[in-house]
Amino acid sequence: MKNILVLHTGGTISMLEDESGNVKPDQINPMNNIQVDLDNVNLIVEDFFNLPSPQVTLEDMLKLKKRINKAFANENIDGVVITHGTDTLEETAYFLDSTIERGKPIVVTGAMRSSNEIASDGTYNFLTSIRVAADDNSANRGVLVVMNDEIHSARFVTKTHTTNVSTFQTPTHGPLGLLTKNHILYFQNEHEDKHIDIDSVKGNVPIIKAYAGMTGELIDLLDLDRLDGLVIEALGAGNLPPLAARSLDRILKNKIPVILVSRCFNGIAEPVYSYEGGGVQLHSDGVLFSREVNSQKARIKLLIALNAGLKDFDFVSYMEN
């Protein structure tokens, strides 16, 4: 018998559609009424909080991390399932994956259709997530995102469609595995990434997206006294228009970390081009290339590094791997 802790946090999976077609939270979580008929599972269910995912903060993610660590350490819990709104699901999953040591399964799921809509996907995603969390083969794989019969790594998965039930995809790598009616199949292993246990999530780290003809105006507006770091969603393999690149100088000279990712859906950011504003110049100037993660996850990664107090080589190694 597996003891699975369920932490409901809100989102579409816990919402209802009214007669006008508007979707909104309900005082009673409809997920609590779902009957789970799995012979080997005992559920311990908590309404941890009830928030639309755009309202979820890093402080909320930190509370989840602490609750999960407590459950694994003191409560004989074999796995955790978190229901979550999909807008920021990937960020919560990535935060947990980056701060909790690998071991017992942690699964995050959600829904694209509220509980009373036609063909609602919430109940099915919830039940398949419980199956994954209770499966011995799900251990030591980091945090998993289970949606639409697919199992994804929290490190790489992202929301790709505003409404489609197959919205969660993993660029470049593809899913780790899938579910059938009777089996859970893993066909690749995601390599273990460094986790760092932190107790705070303080810091001001904005994200700026690059575009054709970009100047330094947006970057110049940043108040260095209130800036702890910056994430740039750059062009292609990791390039910027020349005027934007020049405006990074004052930030870098003030020893404020600048992290670069690509705005491309697939591929890896790396310094390749050596013209003005190209990745080679940016890297030489001190911009760090965070490979394979998107901008929202790079921001979380930077905040983790800052709150952990990483310095010099350890900081660079963590951000660029």
Side-chain angles (χ1 to χ4, degrees), residues 1-15 25-36 38 40-112 114-115 121-135 138-139 141-147 151-154 157 159 168 195 197-199 201 300:
M1 181 68 68
K2 294 291 184 74
N3 294 319
I4 304 298
L5 174 64
V6 175
L7 300 174
H8 293 306
T9 69
T12 299
I13 194 169
S14 299
M15 295 184 187
D26 191 67
Q27 289 184 341
I28 299 175
N29 185 352
M31 299 303 294
N32 289 328
N33 297 324
I34 295 173
Q35 298 298 314
V36 177
L38 296 173
N40 65 328
V41 170
N42 173 49
L43 293 187
I44 300 94
V45 181
E46 295 180 16
D47 282 317
F48 195 69
F49 46 75
N50 187 15
L51 295 173
S53 64
Q55 298 178 14
V56 172
T57 66
L58 283 166
E59 285 76 15
D60 296 320
M61 299 177 196
L62 188 63
K63 291 176 184 175
L64 272 172
K65 183 206 72 141
K66 292 178 178 179
R67 178 67 188 96
I68 293 168
N69 281 337
K70 179 184 176 185
F72 285 155
N74 304 321
E75 300 173 20
N76 194 32
I77 295 297
D78 299 300
V80 173
V81 171
I82 301 165
T83 63
H84 197 288
T86 59
D87 284 352
T88 60
L89 183 152
E90 66 189 87
E91 288 165 85
T92 294
Y94 182 77
F95 178 87
L96 298 175
D97 187 60
S98 301
T99 57
I100 298 176
E101 186 175 2
R102 290 195 172 186
K104 296 177 181 179
I106 302 170
V107 178
V108 188
T109 192
M112 297 304 293
S114 59
S115 60
D121 54 330
T123 299
Y124 187 79
N125 287 339
F126 181 54
L127 294 175
T128 53
S129 294
I130 295 170
R131 287 177 57 199
V132 171
D135 188 84
S138 298
R141 294 183 182 272
V143 176
L144 303 172
V145 174
V146 175
M147 299 273 290
I151 306 168
H152 294 266
S153 162
V157 72
K159 186 175 182 178
F168 280 93
H195 79 278
D197 190 6
I198 55 173
D199 293 316
V201 285
I300 288 174

CG/Asn74 to CG/Asn76 distance, rounded to the nearest 0.5 angstrom? 11.0 Å
For Lys65, run the side-chain contact (heavy atoms from CB on, under 4.5 Å) check against Thr92, Asp197, Ile106, Val201 and tell me which one passes. Asp197
Partners meeting salt bridge (Lys or Arg N to Asp or Glu O under 4.0 Å) with Asp87 (sequence neighbours left out): Lys159
Donor-acceptor contact present, side-chain Ser138 to main-chain Ala133, <3.5 Å: no
Ring-ring centroid check His8 Phe126, cutoff 6.0 Å: yes
Quick one: pull up CD in Gln35 and OG1 in Thr123 and give me the separation to the nearest 0.5 Å. 11.0 Å
Hey, is the main chain of Asn3 close enough, under 3.5 Å, to the side chain of Asn42 for a donor-acceptor pair? no
Under the salt bridge (Lys or Arg N to Asp or Glu O under 4.0 Å) test, residues paired with Asp47 that sit two or more places apart: none
The test is side chain to side chain contact (heavy atoms under 4.5 Å, CB included); show your working for Ile77 and Lys104 and say whether it passes. CA-CA 9 Å; Ile77 295 297; Lys104 296 177 181 179; 5.7 Å; no
Heavy-atom pair with the smallest gap, counting every atom of His84 and Val108: CB-CG1, 4.0 Å
Quick one: does Thr88's side chain get under 4.5 Å of Phe95's, heavy atoms only? no
NE2 (His195) and CG (Asp97) are apart, to the nearest 0.5 Å, by 10.5 Å
Roughly how far, to the nearest 0.5 Å, is CD1 of Ile300 from CE of Met61? 4.5 Å
Can you find a heavy atom in the side chain of Glu91 that is under 4.5 Å from one in the side chain of Ser53? no
Val81 and Ile4, any side-chain heavy atoms less than 4.5 Å apart: yes
Can you name the nearest heavy-atom pair linking Asp135 to Pro105, along with the distance? O-CG, 4.2 Å
Only one of Leu64, Leu62, Val80 clears side-chain contact (heavy atoms from CB on, under 4.5 Å) with Leu96; which? Leu64
Taking Lys2 for its side chain and Gly79 for its backbone only, find out whether a donor-acceptor pair lies under 3.5 Å. no
Decide whether Thr128 and Asn125 meet the rule of one side-chain donor and one side-chain acceptor closer than 3.5 Å. no
I want to check something: taking the side chain as every heavy atom from C-beta on, are Pro52 and Pro25 in contact at a cut-off of under 4.5 Å? yes
Can you name the one residue among Ile82, Asp60, Leu7, Thr83 that meets side-chain contact (heavy atoms from CB on, under 4.5 Å) with Phe48? Leu7
Please report the closest heavy-atom contact between Val146 and Ser129, naming both atoms and the distance. CB-OG, 3.5 Å
Quick one: pull up CD1 in Ile68 and OG1 in Thr99 and give me the separation to the nearest 0.5 Å. 8.0 Å
Phe168 and Thr86 have their tightest heavy-atom pair at CZ-O, 3.5 Å
Residues Ala71 and Leu5: closest non-hydrogen pair is CB-CD2, 3.6 Å
Has Thr9 got a side-chain atom pairing as donor or acceptor with Asn50's backbone, closer than 3.5 angstrom? no
Counting only heavy atoms not in Ile28, do more than 12 fall under 6.0 Å of its CD1? no
All heavy atoms of Gly122 vs all of Met31, minimum pair found to be O-CE, 4.1 Å
How far does CG of Leu51 sit from OG1 of Thr57, to the nearest 0.5 angstrom? 8.0 Å
In terms of heavy-atom contacts, does NZ of Lys63 have more than 12 from other residues, nucleotides or ligands at under 6.0 Å? no
